[in-house]
Structure formats: C-alpha cells, structure tokens
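Input: a single structure, listed below in structure tokens.
All values reported here derive from a predicted model rather than from experimental measurement.
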Amino acid sequence: RNALPGLTVDESLTALLTSSTPVFAAATDFTNVTISDSTVCNSGVTLNDRDYFTLALPLKPNPAGCSSEAAVAWYKADAGVEETGGTLDTWIDQALGFNSTTVTGSVLVEEDFLNGYDALDFGTGNNRLSANLDALRDGGSYALYVVGQRVNNAAGYAVGGTSNANHVRFGYSANTTAYFANNNSNAVSTAVSAFDNPAQSPFMLMGQMEVGVSRSIRELRDGTETSNSIATGTALGTGAATDYIGYAWNSYFDGYINEVIAFSDALDAMERSRVESYLAIKYGLSLDQTTPQNYVDGQNNTIFDNTGYT
C-alpha cells in the first residue's frame, strides 16, 4: 500500500487483475474490490487453473506529499512539454488524466529559465493554452499555485476562463494587485509590488477557497509574502467550462509560467508548507521569514531549519 515518492494511492479504486500469464499483458479487470484486514472481497470473479491474480491501485499525483488530496491538475515546464523548434505544441498535465493543452497563438519554451528549470514564455500577445480544471467544479473547496514571472505592468491572469461563474480568475488585475475570484464574484485581492520593483523577479502565487469559510490570496516574491482573505468562500459553478493557462476575462498573461498546480480541496497548514517548500526549493525562491518557517520535504522532515533566525 505504499506509493512511490510524489504519489498516493486511492484504495476505494482497488481492482483485481487476473491473467493466464505472469506478465499480465491481457489481464481481466474486476473492480468493486473491498479489503478487510487481510481479506480481499469481490463477487463474480472467475479463476481458472494456473491463472495469476494481483491487486492494482491507481497512483495519484501528489506534489510534496499532500496525502489528504492529490493534485487534480499539475502542469510543469520540466515535464510533459512537447515542442517543435522551441515553439510549444502541447503541455501535458502530469495529473492522472494526462490532459493535453491546445495552444492559441504562440507559446515558446524557454530553457533553464529559473534555477535551471524551463519555463513557458507567453510573450506579450494573445497567447494562451486550454487546460482542464473540471475537477474544481464539484461544489467543493480548492487550492491553486502558480510559479512564474511577469514582464510588464499589464493586467494578466495565469489561470482562468471566459465570463461565467464556472471559471476561476487567478493572477493580476493590475500592476500592483494580485486577484483571485470565481470569475468576477467572491473576489479577494492583495496589494503587491510593481512587476519591476525593485527588479523583475519570479513570483509564487497562492490561492485557496474553503467553502463557507474563506477565500485567500498570497503572493511570494523576493522573500516577501503579501496576503489577504475574506470571510466567505463560494464554490465554482458545476456546469461545463473551458479553462485556460495564461488567460482569463479577456486579459492575457504577459510573461513566463513554470508550474501550475490545482488541488480539489483546501490544504491545511502543513500541506501548504510542504507544497510551498517544494516550489521554493525547486525554483530558488526564499520563503518569507517575518515569522520564521522551515523548509520541509514531503514527509514533513525539516530540510532547512529557520526557527532560530529572525
């Protein structure tokens, strides 16, 4: 029942596989398996003499060991990028759906952009990628993370859609305003430094909506975190929608995006610490130490202990 690092298992989806050969090349799949202590239960299974059987559990993508809720969308420029001559063809979601994006305009692949990791360059034109965030439209809480870098003072959204309540809107509504909303309702924003103050630098943008509790947005940049929250949380609409990376509400994102992660639940404090440590270490970002906080790995082990520093 132990998963590989970065992955969790969902035992409710256990399947029993049977095969006449030990390589399971043409296995028969029996679902609705239940496990009680050491007993596996399933009705309607036929086993012939010399058949083989095994149990299978689907692996769920799990950035930084967030075991309570695996990622439902995980786009990162160091994996799943298909390009031709430096121009992006598609960006494959590293969550289990393996959904491919569709490019509108021209998005370039920038190698070794941030701390040795590639980024996608959305330029300053009408460039965007279709994405699949359907799992966020389940009437429940959710969380979003984006790492990137802006290149001008224009408003621009890293994640979003068109103009209905089924879409999230996540990014910058102005040069000095980070913004997070269900389209244009239940919105929260926070004041941030201008994109080039004191210099152009990468950001980690963090949004969380907990139904009936709160909606919050935080930006980490140059080791300083700014944040704001409101004491209401409204779920996205549950109808069908088309989502985008690099666009929302007629506003395109101008700049670079390294990674986008979406969780279909709110994360607790320790899970947030794991995800943010993972992104900060990967991309060379400094976590805000106004209140000293450690960098931790996916098992909550301390990597860098900052508790003694101010």
Side-chain angles (χ1 to χ4, degrees), residues 60-63 69-83 87-110 117-123 125-138 140-150 155-172 179-184 203-209 217 235-265 275 279:
K60 300 175 71 175
N62 180 15
E69 189 63 45
V72 294
W74 190 6
Y75 297 91
K76 50 182 181 175
D78 57 320
V81 170
E82 297 182 1
E83 50 93 11
T87 299
L88 183 71
D89 296 320
T90 190
W91 199 10
I92 300 173
D93 182 3
Q94 298 303 292
L96 280 189
F98 294 106
N99 299 292
S100 299
T101 62
T102 300
V103 181
T104 300
S106 179
V107 177
L108 305 180
V109 179
E110 186 72 23
Y117 288 94
D118 296 352
L120 297 188
D121 179 4
F122 286 76
N126 296 343
N127 308 308
R128 67 187 184 188
L129 306 175
S130 66
N132 188 328
L133 299 177
D134 285 344
L136 302 186
R137 284 181 282 274
D138 63 356
S141 304
Y142 62 92
L144 290 168
Y145 284 85
V146 175
V147 173
Q149 182 170 315
R150 296 188 291 159
Y157 294 99
V159 178
T162 52
S163 54
N164 67 60
N166 298 347
H167 290 116
V168 66
R169 186 153 46 129
F170 189 50
Y172 296 89
Y179 186 92
F180 177 36
N182 290 353
N183 200 25
N184 63 345
F203 64 81
M204 184 196 304
L205 199 61
M206 303 155 279
Q208 177 151 294
M209 189 285 298
I217 186 168
L236 290 169
T238 57
T242 299
D243 305 292
Y244 296 100
I245 296 173
Y247 171 84
W249 194 262
N250 299 320
S251 183
Y252 291 84
F253 179 83
D254 293 346
Y256 301 88
I257 293 179
N258 290 82
E259 193 153 340
V260 177
I261 310 175
F263 298 92
S264 61
D265 200 354
V275 174
L279 291 172

Determine whether Ile245 and Phe253 satisfy the following criterion, side-chain contact (heavy atoms from CB on, under 4.5 Å), listing intermediate values before the conclusion. CA-CA 8 Å; Ile245 296 173; Phe253 179 83; over 6 Å; no
I need the [X] [atom1] to [Y] [atom2] distance, nearest 0.5 Å.
{"X": "Ile217", "Y": "Phe170", "atom1": "CD1", "atom2": "CZ", "answer": "5.5 Å"}
{"X": "Thr102", "Y": "Asn132", "atom1": "OG1", "atom2": "CG", "answer": "11.0 Å"}
{"X": "Asn127", "Y": "Leu108", "atom1": "CG", "atom2": "CG", "answer": "8.0 Å"}
{"X": "Asn99", "Y": "Asp134", "atom1": "CG", "atom2": "CG", "answer": "8.0 Å"}
{"X": "Arg169", "Y": "Trp249", "atom1": "CZ", "atom2": "CH2", "answer": "5.5 Å"}
{"X": "Glu83", "Y": "Asp89", "atom1": "CD", "atom2": "CG", "answer": "7.5 Å"}

Under the rule for side-chain hydrogen bond (donor to acceptor under 3.5 Å, both in side chains), what residues qualify as partners of Asn166, not counting sequence neighbours? none
Asp78 vs Asp118, test: side-chain contact (heavy atoms from CB on, under 4.5 Å). Steps then yes/no. CA-CA 6 Å; Asp78 57 320; Asp118 296 352; 5.6 Å; no
Note: Gly148 and Asn258 closest approach over all heavy atoms is CA-OD1, 4.0 Å
Testing the basics here: between Arg137 and Gly237, what is the closest heavy-atom pair and its distance to 0.1 Å? CG-O, 3.1 Å
Applying side-chain contact (heavy atoms from CB on, under 4.5 Å), run through His167 and Leu236 and close with a yes or a no. CA-CA 7 Å; His167 290 116; Leu236 290 169; 5.7 Å; no
Worked verdict on Val72 versus Tyr142 for side-chain contact (heavy atoms from CB on, under 4.5 Å): CA-CA 10 Å; Val72 294; Tyr142 62 92; over 6 Å; no
Do Leu136 and Leu144 come close enough that some side-chain heavy atom pair is under 4.5 Å? yes
Any side-chain heavy atom of Asp93 sitting closer than 4.5 Å to one from Trp74? yes
Ring-plane angle category for Tyr75 and Trp91, please: parallel below 30°, perpendicular beyond 60°, tilted otherwise. tilted
Give the ring-plane orientation class for Tyr247 versus Tyr252, where under 30° counts as parallel, over 60° as perpendicular and anything between as tilted. tilted
